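Chain identifiers are assigned alphabetically (A, B, ...) following the order of the sequence lines, protein sequences preceding nucleic acid strands; residue numbering begins at 1 within each chain. Source: prediction; values computed, not measured.
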2 protein chains.
Amino acid sequence: MTRILCIDDEPRLLRGMRVNLEARGYEVDTAADGVSALDAAAARRPDVVLLDLGLPDMDGIDVIRGLRAWGTMPIVVLSARELEPDKIAALDAGADDYVTKPFGMGELLARIRAAERRAAPADEAAVIDTPHFRVDLAAKRISRDGADLHLTPTEWHLVERLVRNPGKLVTQRALLQDVWGPRYEQETNYLRVYMAQIRRKLEPDPAHPRYFLTEPGMGYRFEPGAGHDAAGSPR
Amino acid sequence: MTRILCIDDEPRLLRGMRVNLEARGYEVDTAADGVSALDAAAARRPDVVLLDLGLPDMDGIDVIRGLRAWGTMPIVVLSARELEPDKIAALDAGADDYVTKPFGMGELLARIRAAERRAAPADEAAVIDTPHFRVDLAAKRISRDGADLHLTPTEWHLVERLVRNPGKLVTQRALLQDVWGPRYEQETNYLRVYMAQIRRKLEPDPAHPRYFLTEPGMGYRFEPGAGHDAAGSPR
DNA sequence: TGGCACCGTCAAGGACCCGTCAAGACGGCG
DNA sequence: CGCCGTCTTGACGGGTCCTTGACGGTGCCA
(Lines give C-alpha, C1' and ligand atoms only; values in the text may rest on other atoms or scores of the structure.)
Protein backbone atom coordinates (compact mmCIF):
# COMPACT_ATOMS: atom_id res chain seq x y z
CA MET A 1 0.00 0.00 0.00
CA THR A 2 1.20 3.49 -0.80
CA ARG A 3 2.07 5.61 2.21
CA ILE A 4 1.57 9.38 2.06
CA LEU A 5 2.94 11.97 4.44
CA CYS A 6 0.74 15.05 4.61
CA ILE A 7 2.30 18.23 6.02
CA ASP A 8 0.17 21.26 6.86
CA ASP A 9 -0.34 23.51 9.85
CA GLU A 10 -4.11 23.55 9.67
CA PRO A 11 -5.58 20.64 11.63
CA ARG A 12 -8.87 20.89 9.75
CA LEU A 13 -7.22 20.54 6.39
CA LEU A 14 -5.11 17.65 7.63
CA ARG A 15 -8.18 15.83 8.81
CA GLY A 16 -9.95 16.37 5.51
CA MET A 17 -6.94 15.13 3.60
CA ARG A 18 -6.68 12.04 5.73
CA VAL A 19 -10.32 11.13 5.15
CA ASN A 20 -10.08 11.69 1.43
CA LEU A 21 -6.84 9.84 0.93
CA GLU A 22 -7.69 6.91 3.17
CA ALA A 23 -10.94 6.51 1.26
CA ARG A 24 -8.77 5.97 -1.84
CA GLY A 25 -6.77 3.27 -0.18
CA TYR A 26 -3.70 5.24 0.86
CA GLU A 27 -2.02 4.96 4.21
CA VAL A 28 -1.74 8.47 5.65
CA ASP A 29 0.69 10.06 8.12
CA THR A 30 0.41 13.72 9.10
CA ALA A 31 2.65 16.43 10.50
CA ALA A 32 1.85 20.01 11.45
CA ASP A 33 5.28 21.64 11.41
CA GLY A 34 8.63 21.29 9.70
CA VAL A 35 10.57 19.56 12.45
CA SER A 36 8.01 16.88 13.09
CA ALA A 37 7.57 16.51 9.34
CA LEU A 38 11.24 15.67 8.87
CA ASP A 39 11.09 13.29 11.83
CA ALA A 40 8.00 11.58 10.50
CA ALA A 41 9.52 11.27 7.03
CA ALA A 42 12.68 9.69 8.41
CA ALA A 43 10.73 7.29 10.60
CA ARG A 44 7.94 6.26 8.26
CA ARG A 45 9.58 6.47 4.83
CA PRO A 46 6.54 7.69 2.93
CA ASP A 47 6.15 6.93 -0.78
CA VAL A 48 4.80 10.42 -1.49
CA VAL A 49 4.97 13.71 0.45
CA LEU A 50 2.32 16.45 0.30
CA LEU A 51 3.81 19.65 1.65
CA ASP A 52 2.24 22.99 2.51
CA LEU A 53 4.86 25.71 2.31
CA GLY A 54 3.40 27.88 5.06
CA LEU A 55 4.66 26.18 8.18
CA PRO A 56 5.07 27.92 11.55
CA ASP A 57 8.62 26.85 12.38
CA MET A 58 10.54 26.48 9.15
CA ASP A 59 10.67 27.80 5.64
CA GLY A 60 9.01 25.33 3.29
CA ILE A 61 12.00 25.41 0.98
CA ASP A 62 14.19 24.16 3.80
CA VAL A 63 11.77 21.34 4.46
CA ILE A 64 12.14 20.28 0.83
CA ARG A 65 15.93 20.41 1.12
CA GLY A 66 15.76 18.43 4.36
CA LEU A 67 13.73 15.72 2.69
CA ARG A 68 15.91 15.63 -0.40
CA ALA A 69 19.01 15.28 1.75
CA TRP A 70 18.30 11.58 2.14
CA GLY A 71 15.36 10.59 -0.06
CA THR A 72 14.07 10.74 -3.59
CA MET A 73 10.36 10.16 -3.01
CA PRO A 74 8.04 12.50 -4.91
CA ILE A 75 7.21 15.80 -3.16
CA VAL A 76 4.04 17.62 -4.17
CA VAL A 77 3.85 21.18 -2.85
CA LEU A 78 0.47 22.64 -1.91
CA SER A 79 0.56 26.36 -1.45
CA ALA A 80 -1.59 29.45 -1.39
CA ARG A 81 1.20 31.50 -2.94
CA GLU A 82 0.76 31.86 -6.65
CA LEU A 83 3.79 33.97 -7.36
CA GLU A 84 6.23 32.58 -9.88
CA PRO A 85 9.40 33.03 -7.78
CA ASP A 86 7.87 30.86 -5.04
CA LYS A 87 7.10 28.10 -7.51
CA ILE A 88 10.53 28.24 -9.09
CA ALA A 89 12.27 28.15 -5.74
CA ALA A 90 10.26 25.16 -4.57
CA LEU A 91 10.71 23.20 -7.80
CA ASP A 92 14.42 23.90 -7.96
CA ALA A 93 14.84 22.93 -4.33
CA GLY A 94 13.66 19.47 -5.27
CA ALA A 95 9.86 19.51 -5.34
CA ASP A 96 8.24 17.43 -8.07
CA ASP A 97 5.02 19.38 -8.46
CA TYR A 98 3.46 22.59 -7.26
CA VAL A 99 -0.30 22.98 -6.83
CA THR A 100 -1.86 26.27 -5.79
CA LYS A 101 -4.74 26.42 -3.34
CA PRO A 102 -7.57 26.16 -3.74
CA PHE A 103 -7.34 22.96 -5.75
CA GLY A 104 -9.73 20.19 -6.62
CA MET A 105 -9.32 16.90 -4.85
CA GLY A 106 -9.61 15.04 -8.13
CA GLU A 107 -6.71 16.94 -9.62
CA LEU A 108 -4.57 16.41 -6.55
CA LEU A 109 -5.25 12.69 -6.65
CA ALA A 110 -4.35 12.57 -10.33
CA ARG A 111 -1.08 14.38 -9.65
CA ILE A 112 -0.34 11.97 -6.81
CA ARG A 113 -0.94 9.06 -9.17
CA ALA A 114 1.38 10.62 -11.73
CA ALA A 115 4.06 11.07 -9.08
CA GLU A 116 3.66 7.49 -7.89
CA ARG A 117 3.85 6.15 -11.42
CA ARG A 118 7.12 7.96 -12.08
CA ALA A 119 8.68 6.72 -8.87
CA ALA A 120 7.49 3.15 -9.36
CA PRO A 121 10.26 0.73 -10.17
CA ALA A 122 9.80 -0.33 -13.76
CA ASP A 123 10.49 -3.96 -13.17
CA GLU A 124 8.39 -6.20 -11.05
CA ALA A 125 9.66 -9.21 -9.25
CA ALA A 126 7.80 -11.42 -11.66
CA VAL A 127 9.29 -14.79 -10.85
CA ILE A 128 7.19 -17.74 -9.82
CA ASP A 129 8.94 -20.68 -8.26
CA THR A 130 7.69 -24.21 -7.84
CA PRO A 131 9.59 -27.25 -6.65
CA HIS A 132 9.98 -28.40 -10.25
CA PHE A 133 10.29 -25.33 -12.45
CA ARG A 134 10.63 -21.56 -12.42
CA VAL A 135 8.72 -19.02 -14.51
CA ASP A 136 10.18 -15.56 -15.12
CA LEU A 137 7.33 -13.47 -16.46
CA ALA A 138 9.39 -10.35 -17.18
CA ALA A 139 12.10 -12.16 -19.13
CA LYS A 140 9.62 -14.60 -20.66
CA ARG A 141 11.78 -17.51 -19.69
CA ILE A 142 11.17 -20.88 -18.10
CA SER A 143 13.72 -23.17 -16.55
CA ARG A 144 13.42 -26.67 -15.19
CA ASP A 145 16.13 -28.37 -13.15
CA GLY A 146 18.33 -25.36 -13.84
CA ALA A 147 18.16 -25.68 -17.61
CA ASP A 148 16.18 -23.31 -19.76
CA LEU A 149 13.46 -24.83 -21.83
CA HIS A 150 11.61 -23.49 -24.80
CA LEU A 151 7.92 -22.68 -25.07
CA THR A 152 6.18 -21.73 -28.29
CA PRO A 153 4.29 -18.42 -28.32
CA THR A 154 0.93 -20.10 -27.82
CA GLU A 155 2.21 -22.29 -25.01
CA TRP A 156 3.77 -19.31 -23.31
CA HIS A 157 0.61 -17.27 -23.64
CA LEU A 158 -1.42 -19.98 -21.94
CA VAL A 159 1.11 -20.54 -19.17
CA GLU A 160 1.33 -16.82 -18.53
CA ARG A 161 -2.41 -16.41 -18.18
CA LEU A 162 -2.64 -19.30 -15.74
CA VAL A 163 0.43 -18.44 -13.72
CA ARG A 164 -0.62 -14.84 -13.27
CA ASN A 165 -3.69 -16.10 -11.44
CA PRO A 166 -2.21 -18.70 -9.10
CA GLY A 167 -4.77 -20.90 -7.40
CA LYS A 168 -7.62 -19.36 -9.33
CA LEU A 169 -9.76 -21.16 -11.83
CA VAL A 170 -9.53 -19.72 -15.33
CA THR A 171 -12.49 -20.65 -17.51
CA GLN A 172 -12.03 -22.17 -20.95
CA ARG A 173 -13.79 -19.15 -22.43
CA ALA A 174 -11.34 -16.78 -20.81
CA LEU A 175 -8.33 -18.76 -21.98
CA LEU A 176 -9.55 -19.15 -25.55
CA GLN A 177 -10.48 -15.51 -25.78
CA ASP A 178 -7.17 -14.40 -24.37
CA VAL A 179 -4.94 -16.58 -26.52
CA TRP A 180 -6.85 -17.13 -29.75
CA GLY A 181 -9.40 -14.32 -29.78
CA PRO A 182 -13.13 -14.00 -29.27
CA ARG A 183 -14.05 -16.10 -32.29
CA TYR A 184 -12.50 -19.27 -30.89
CA GLU A 185 -14.56 -19.56 -27.72
CA GLN A 186 -15.90 -22.98 -28.79
CA GLU A 187 -12.63 -24.60 -29.83
CA THR A 188 -11.95 -26.34 -26.56
CA ASN A 189 -9.88 -28.94 -28.38
CA TYR A 190 -7.13 -26.32 -28.77
CA LEU A 191 -6.91 -26.17 -25.01
CA ARG A 192 -6.63 -29.92 -24.72
CA VAL A 193 -3.81 -30.11 -27.25
CA TYR A 194 -1.81 -27.29 -25.72
CA MET A 195 -2.37 -28.20 -22.10
CA ALA A 196 -1.00 -31.63 -22.97
CA GLN A 197 2.13 -30.09 -24.49
CA ILE A 198 2.61 -27.79 -21.53
CA ARG A 199 2.26 -30.67 -19.10
CA ARG A 200 4.69 -32.74 -21.11
CA LYS A 201 7.25 -29.98 -20.75
CA LEU A 202 6.64 -28.86 -17.19
CA GLU A 203 4.95 -31.55 -15.13
CA PRO A 204 7.13 -34.14 -13.40
CA ASP A 205 4.46 -36.72 -14.26
CA PRO A 206 2.41 -35.46 -17.19
CA ALA A 207 -0.21 -38.18 -16.78
CA HIS A 208 -0.99 -37.00 -13.24
CA PRO A 209 -0.72 -33.22 -13.31
CA ARG A 210 0.30 -31.52 -10.12
CA TYR A 211 0.56 -27.90 -11.23
CA PHE A 212 -1.80 -27.49 -14.16
CA LEU A 213 -5.06 -29.00 -13.01
CA THR A 214 -8.21 -29.62 -15.02
CA GLU A 215 -11.60 -28.62 -13.67
CA PRO A 216 -13.91 -30.69 -15.87
CA GLY A 217 -16.49 -28.64 -17.65
CA MET A 218 -15.06 -25.39 -16.31
CA GLY A 219 -11.46 -24.66 -17.11
CA TYR A 220 -7.95 -24.98 -15.75
CA ARG A 221 -6.10 -23.92 -12.62
CA PHE A 222 -2.45 -23.33 -11.82
CA GLU A 223 -1.48 -24.59 -8.37
CA PRO A 224 1.91 -23.27 -7.17
CA GLY A 225 2.12 -26.45 -5.17
CA ALA A 226 3.96 -25.40 -2.02
CA GLY A 227 1.48 -26.99 0.36
CA HIS A 228 0.30 -29.74 -1.94
CA ASP A 229 2.02 -33.07 -1.91
CA ALA A 230 1.48 -35.45 -4.75
CA ALA A 231 2.12 -38.88 -3.37
CA GLY A 232 1.55 -41.43 -6.05
CA SER A 233 -2.18 -41.73 -6.30
CA PRO A 234 -3.11 -45.45 -6.17
CA ARG A 235 -4.99 -45.27 -9.41
CA MET B 1 22.44 18.38 -24.35
CA THR B 2 18.82 18.01 -23.44
CA ARG B 3 16.50 17.72 -26.41
CA ILE B 4 12.95 19.06 -26.13
CA LEU B 5 10.07 18.36 -28.48
CA CYS B 6 7.57 21.22 -28.51
CA ILE B 7 4.09 20.46 -29.88
CA ASP B 8 1.61 23.26 -30.59
CA ASP B 9 -0.52 24.34 -33.50
CA GLU B 10 0.33 28.02 -33.22
CA PRO B 11 3.46 28.86 -35.21
CA ARG B 12 4.00 32.06 -33.25
CA LEU B 13 4.02 30.27 -29.95
CA LEU B 14 6.32 27.59 -31.33
CA ARG B 15 8.78 30.22 -32.48
CA GLY B 16 8.70 31.97 -29.13
CA MET B 17 9.25 28.69 -27.35
CA ARG B 18 12.18 27.81 -29.55
CA VAL B 19 13.89 31.13 -28.90
CA ASN B 20 13.36 30.92 -25.17
CA LEU B 21 14.45 27.33 -24.81
CA GLU B 22 17.43 27.56 -27.09
CA ALA B 23 18.62 30.59 -25.14
CA ARG B 24 18.71 28.27 -22.10
CA GLY B 25 20.83 25.74 -23.91
CA TYR B 26 18.19 23.25 -24.93
CA GLU B 27 18.01 21.62 -28.34
CA VAL B 28 14.50 22.18 -29.70
CA ASP B 29 12.34 20.25 -32.15
CA THR B 30 8.83 21.36 -33.03
CA ALA B 31 5.66 19.84 -34.42
CA ALA B 32 2.33 21.44 -35.26
CA ASP B 33 -0.02 18.45 -35.24
CA GLY B 34 -0.41 15.07 -33.60
CA VAL B 35 0.78 12.85 -36.43
CA SER B 36 3.97 14.74 -37.11
CA ALA B 37 4.51 15.00 -33.35
CA LEU B 38 4.49 11.22 -32.98
CA ASP B 39 6.77 10.87 -35.98
CA ALA B 40 9.18 13.48 -34.66
CA ALA B 41 9.22 11.86 -31.25
CA ALA B 42 10.03 8.47 -32.76
CA ALA B 43 12.74 9.89 -34.98
CA ARG B 44 14.40 12.37 -32.62
CA ARG B 45 13.96 10.75 -29.20
CA PRO B 46 13.42 13.91 -27.15
CA ASP B 47 14.33 13.96 -23.48
CA VAL B 48 11.27 16.05 -22.63
CA VAL B 49 8.00 16.67 -24.48
CA LEU B 50 5.94 19.86 -24.20
CA LEU B 51 2.44 19.20 -25.49
CA ASP B 52 -0.48 21.49 -26.21
CA LEU B 53 -3.72 19.54 -26.00
CA GLY B 54 -5.58 21.53 -28.67
CA LEU B 55 -4.23 20.03 -31.87
CA PRO B 56 -6.04 20.11 -35.21
CA ASP B 57 -5.84 16.44 -36.13
CA MET B 58 -5.83 14.37 -32.95
CA ASP B 59 -7.10 14.45 -29.42
CA GLY B 60 -4.26 15.44 -27.12
CA ILE B 61 -4.98 12.49 -24.84
CA ASP B 62 -4.33 10.15 -27.75
CA VAL B 63 -1.03 11.86 -28.43
CA ILE B 64 -0.02 11.16 -24.84
CA ARG B 65 -1.03 7.53 -25.23
CA GLY B 66 0.87 7.29 -28.50
CA LEU B 67 4.02 8.60 -26.86
CA ARG B 68 3.64 6.40 -23.82
CA ALA B 69 3.22 3.35 -26.03
CA TRP B 70 6.94 3.19 -26.51
CA GLY B 71 8.65 5.78 -24.32
CA THR B 72 8.90 7.01 -20.76
CA MET B 73 10.27 10.50 -21.28
CA PRO B 74 8.57 13.24 -19.23
CA ILE B 75 5.52 14.86 -20.86
CA VAL B 76 4.50 18.35 -19.72
CA VAL B 77 1.06 19.37 -20.93
CA LEU B 78 0.40 23.02 -21.74
CA SER B 79 -3.26 23.81 -22.11
CA ALA B 80 -5.77 26.60 -22.02
CA ARG B 81 -8.34 24.31 -20.49
CA GLU B 82 -8.53 24.73 -16.77
CA LEU B 83 -11.26 22.22 -16.03
CA GLU B 84 -10.41 19.48 -13.60
CA PRO B 85 -11.59 16.54 -15.77
CA ASP B 86 -9.20 17.61 -18.52
CA LYS B 87 -6.29 17.66 -16.13
CA ILE B 88 -7.17 14.31 -14.62
CA ALA B 89 -7.57 12.67 -18.02
CA ALA B 90 -4.22 13.97 -19.23
CA LEU B 91 -2.34 13.00 -16.07
CA ASP B 92 -3.87 9.54 -15.96
CA ALA B 93 -3.08 9.01 -19.64
CA GLY B 94 0.58 9.36 -18.75
CA ALA B 95 1.39 13.06 -18.60
CA ASP B 96 3.82 14.12 -15.92
CA ASP B 97 2.68 17.69 -15.39
CA TYR B 98 -0.14 19.96 -16.48
CA VAL B 99 0.34 23.72 -16.80
CA THR B 100 -2.55 26.01 -17.70
CA LYS B 101 -2.09 28.91 -20.08
CA PRO B 102 -1.14 31.62 -19.63
CA PHE B 103 1.95 30.60 -17.72
CA GLY B 104 5.20 32.25 -16.86
CA MET B 105 8.29 31.19 -18.75
CA GLY B 106 10.21 30.96 -15.50
CA GLU B 107 7.73 28.54 -14.03
CA LEU B 108 7.71 26.40 -17.16
CA LEU B 109 11.48 26.23 -17.16
CA ALA B 110 11.45 25.21 -13.49
CA ARG B 111 8.93 22.48 -14.23
CA ILE B 112 11.06 21.26 -17.13
CA ARG B 113 14.07 21.14 -14.84
CA ALA B 114 12.06 19.16 -12.29
CA ALA B 115 10.96 16.73 -14.98
CA GLU B 116 14.52 16.32 -16.27
CA ARG B 117 15.86 15.74 -12.79
CA ARG B 118 13.35 12.97 -12.14
CA ALA B 119 14.04 11.24 -15.41
CA ALA B 120 17.81 11.39 -15.05
CA PRO B 121 18.99 7.84 -14.71
CA ALA B 122 21.60 7.03 -12.13
CA ASP B 123 23.54 5.42 -14.90
CA GLU B 124 25.43 2.30 -14.18
CA ALA B 125 28.25 0.23 -15.45
CA ALA B 126 27.83 0.83 -19.14
CA VAL B 127 30.22 -1.87 -20.28
CA ILE B 128 29.06 -5.37 -21.08
CA ASP B 129 31.66 -8.06 -21.53
CA THR B 130 31.29 -11.42 -23.17
CA PRO B 131 33.95 -13.96 -23.98
CA HIS B 132 33.91 -12.78 -27.61
CA PHE B 133 33.21 -9.06 -27.62
CA ARG B 134 32.77 -5.99 -25.45
CA VAL B 135 30.04 -3.36 -25.67
CA ASP B 136 30.60 0.09 -24.19
CA LEU B 137 27.17 1.68 -24.02
CA ALA B 138 28.36 5.07 -22.85
CA ALA B 139 31.06 5.45 -25.49
CA LYS B 140 28.99 3.69 -28.15
CA ARG B 141 31.84 1.40 -29.07
CA ILE B 142 32.15 -2.27 -29.72
CA SER B 143 35.35 -4.23 -29.80
CA ARG B 144 36.04 -7.80 -30.71
CA ASP B 145 39.34 -9.55 -30.06
CA GLY B 146 40.73 -6.22 -28.93
CA ALA B 147 39.99 -4.41 -32.18
CA ASP B 148 37.20 -1.89 -32.55
CA LEU B 149 34.57 -2.72 -35.09
CA HIS B 150 32.01 -0.54 -36.74
CA LEU B 151 28.22 -0.77 -36.45
CA THR B 152 25.80 1.29 -38.51
CA PRO B 153 23.38 3.50 -36.54
CA THR B 154 20.53 1.05 -36.99
CA GLU B 155 22.62 -1.92 -35.98
CA TRP B 156 23.84 -0.09 -32.92
CA HIS B 157 20.32 0.87 -31.91
CA LEU B 158 19.22 -2.74 -32.03
CA VAL B 159 22.23 -4.03 -30.15
CA GLU B 160 21.81 -1.38 -27.51
CA ARG B 161 18.19 -2.24 -26.86
CA LEU B 162 18.97 -5.92 -26.52
CA VAL B 163 22.12 -5.52 -24.46
CA ARG B 164 20.45 -3.17 -22.00
CA ASN B 165 18.06 -5.97 -21.11
CA PRO B 166 20.39 -8.94 -20.71
CA GLY B 167 18.59 -12.25 -20.48
CA LYS B 168 15.23 -10.68 -21.13
CA LEU B 169 13.15 -11.40 -24.16
CA VAL B 170 12.48 -8.26 -26.17
CA THR B 171 9.44 -8.60 -28.41
CA GLN B 172 9.60 -7.82 -32.10
CA ARG B 173 7.06 -5.05 -31.53
CA ALA B 174 9.24 -3.42 -28.91
CA LEU B 175 12.32 -3.56 -31.09
CA LEU B 176 10.58 -2.22 -34.17
CA GLN B 177 8.94 0.59 -32.20
CA ASP B 178 12.19 1.49 -30.54
CA VAL B 179 14.39 1.49 -33.62
CA TRP B 180 12.11 2.39 -36.51
CA GLY B 181 9.13 3.99 -34.75
CA PRO B 182 5.54 3.04 -34.01
CA ARG B 183 4.54 2.83 -37.65
CA TYR B 184 6.83 -0.08 -38.43
CA GLU B 185 5.40 -2.63 -36.03
CA GLN B 186 4.64 -5.06 -38.86
CA GLU B 187 7.93 -4.92 -40.74
CA THR B 188 9.51 -7.94 -39.12
CA ASN B 189 11.70 -8.46 -42.17
CA TYR B 190 13.79 -5.48 -41.05
CA LEU B 191 14.60 -7.37 -37.90
CA ARG B 192 15.65 -10.44 -39.84
CA VAL B 193 17.97 -8.50 -42.09
CA TYR B 194 19.63 -6.57 -39.29
CA MET B 195 19.89 -9.42 -36.84
CA ALA B 196 21.72 -11.33 -39.55
CA GLN B 197 24.19 -8.46 -40.02
CA ILE B 198 24.72 -8.11 -36.28
CA ARG B 199 25.37 -11.81 -35.94
CA ARG B 200 27.78 -11.74 -38.84
CA LYS B 201 29.76 -9.07 -37.03
CA LEU B 202 29.57 -10.29 -33.45
CA GLU B 203 28.82 -13.99 -33.25
CA PRO B 204 31.72 -16.43 -33.38
CA ASP B 205 29.52 -18.73 -35.47
CA PRO B 206 26.78 -16.63 -37.11
CA ALA B 207 24.88 -19.72 -38.25
CA HIS B 208 24.49 -20.92 -34.66
CA PRO B 209 24.02 -17.82 -32.53
CA ARG B 210 25.22 -17.93 -28.98
CA TYR B 211 24.53 -14.38 -27.80
CA PHE B 212 21.67 -13.07 -29.91
CA LEU B 213 19.02 -15.75 -29.72
CA THR B 214 15.75 -15.96 -31.63
CA GLU B 215 12.50 -16.83 -29.92
CA PRO B 216 10.33 -17.75 -32.88
CA GLY B 217 7.12 -15.80 -33.08
CA MET B 218 8.05 -13.62 -30.11
CA GLY B 219 11.30 -11.73 -30.37
CA TYR B 220 14.99 -11.83 -29.56
CA ARG B 221 17.08 -12.22 -26.47
CA PHE B 222 20.64 -11.22 -25.61
CA GLU B 223 22.38 -13.87 -23.57
CA PRO B 224 25.60 -12.75 -21.90
CA GLY B 225 28.44 -15.23 -21.77
CA ALA B 226 28.63 -18.12 -19.32
CA GLY B 227 30.71 -16.73 -16.48
CA HIS B 228 28.63 -13.58 -16.26
CA ASP B 229 27.27 -12.30 -12.95
CA ALA B 230 23.73 -12.27 -14.33
CA ALA B 231 22.44 -10.41 -11.29
CA GLY B 232 22.84 -7.03 -12.90
CA SER B 233 20.08 -4.83 -11.52
CA PRO B 234 18.10 -3.40 -14.39
CA ARG B 235 17.29 0.21 -13.74
C1' DT C 1 -24.90 -52.12 -18.76
C1' DG C 2 -24.82 -48.95 -22.44
C1' DG C 3 -24.61 -44.22 -24.03
C1' DC C 4 -22.92 -39.69 -23.71
C1' DA C 5 -19.97 -35.84 -22.72
C1' DC C 6 -15.61 -34.53 -21.75
C1' DC C 7 -10.74 -35.00 -21.63
C1' DG C 8 -5.99 -36.63 -23.08
C1' DT C 9 -3.11 -38.34 -26.87
C1' DC C 10 -1.13 -38.66 -31.34
C1' DA C 11 0.22 -37.68 -36.03
C1' DA C 12 0.01 -35.36 -40.50
C1' DG C 13 -0.62 -31.49 -43.43
C1' DG C 14 -0.19 -26.87 -44.32
C1' DA C 15 0.50 -22.13 -42.92
C1' DC C 16 3.63 -19.16 -41.08
C1' DC C 17 8.15 -17.53 -39.65
C1' DC C 18 13.09 -17.18 -40.01
C1' DG C 19 17.73 -16.73 -42.16
C1' DT C 20 19.92 -15.55 -46.37
C1' DC C 21 21.10 -13.16 -50.50
C1' DA C 22 21.10 -9.55 -53.74
C1' DA C 23 19.45 -5.67 -56.22
C1' DG C 24 17.70 -1.07 -56.06
C1' DA C 25 16.92 3.54 -53.55
C1' DC C 26 18.60 7.12 -50.87
C1' DG C 27 21.71 10.62 -49.08
C1' DG C 28 26.22 12.55 -47.83
C1' DC C 29 30.67 13.88 -49.61
C1' DG C 30 34.33 14.78 -52.51
C1' DC D 1 28.50 14.58 -61.23
C1' DG D 2 30.02 10.09 -59.43
C1' DC D 3 31.34 7.31 -55.44
C1' DC D 4 30.29 4.96 -51.25
C1' DG D 5 28.01 3.51 -47.12
C1' DT D 6 23.54 2.62 -45.51
C1' DC D 7 18.77 1.50 -45.68
C1' DT D 8 14.83 -0.65 -47.98
C1' DT D 9 12.53 -4.22 -50.49
C1' DG D 10 11.62 -8.58 -52.66
C1' DA D 11 12.26 -13.52 -53.33
C1' DC D 12 13.45 -18.22 -51.91
C1' DG D 13 14.53 -22.50 -49.22
C1' DG D 14 14.20 -24.67 -44.90
C1' DG D 15 12.46 -25.25 -40.53
C1' DT D 16 9.07 -24.47 -36.77
C1' DC D 17 4.59 -24.05 -35.15
C1' DC D 18 -0.43 -24.25 -35.53
C1' DT D 19 -4.41 -26.52 -36.94
C1' DT D 20 -7.26 -30.42 -37.59
C1' DG D 21 -9.20 -34.88 -37.29
C1' DA D 22 -9.39 -39.43 -35.32
C1' DC D 23 -9.04 -42.56 -31.42
C1' DG D 24 -9.18 -44.25 -26.66
C1' DG D 25 -10.09 -43.50 -21.73
C1' DT D 26 -12.95 -41.98 -17.87
C1' DG D 27 -16.78 -40.46 -15.12
C1' DC D 28 -21.73 -39.66 -14.95
C1' DC D 29 -26.40 -40.94 -15.66
C1' DA D 30 -30.35 -43.35 -17.43
Does A/W180 place a side-chain N or O at less than 4.0 Å from the phosphate oxygens OP1/OP2 of D/dC18?
-> no
With sequence neighbours excluded, residues passing ring pair (Phe, Tyr, Trp, His ring centres under 6.0 Å) with A/F212 = A/F222
Would you say a side-chain N or O of A/Y194 is under 4.0 Å from OP1 or OP2 of D/dC18?
-> yes
If you pin B/E187 and B/L151 to their nearest nucleotides in DNA chain D, which one's is more 5'?
-> B/L151
Out of D/dT19, D/dT6, D/dC17, which has the shortest distance to the side chain of A/T152?
-> D/dC17
A/D47 and A/R3 ion-paired at < 4.0 Å = no
Sugar-phosphate atoms are those with a prime plus P, OP1 and OP2; base atoms are the rest. Using that split, label each nucleotide of nucleotides 16-30 of chain C B, S or - for protein heavy atoms under 4.0 Å, 5' to 3'.
-> -SBBBB---------
Tell me: CD1 of B/I198 to P of D/dT6, nearest whole Å?
-> 13 Å
Over how many whole Å does the gap from A/H150 atom NE2 to D/dC18 atom C1' extend?
-> 13 Å
Quick one: label B/H208 by what it contacts on the DNA or RNA (base, sugar-phosphate, nothing), any heavy atom closer than 4.0 Å.
-> nothing
With a cut-off of 3.5 Å and sequence neighbours excluded, list every side-chain donor-acceptor pair involving residues 182-191 of chain B.
unit_1 : atom_1 : unit_2 : atom_2 : d
B/R183 : NE     : B/D39  : OD1    : 2.8
B/E185 : OE1    : B/R173 : NE     : 3.4
B/E185 : OE2    : B/Q177 : NE2    : 2.4

Between A/H208 and A/E203, does any side-chain donor sit less than 3.5 Å from a side-chain acceptor?
-> no
Is the shortest distance from a Lys or Arg side-chain nitrogen in B/R45 or B/D29 to a carboxylate oxygen in the other one below 4.0 Å?
-> no
Is the closest basic N to carboxylate O distance between B/D97 and B/R118 below 4.0 Å?
-> no
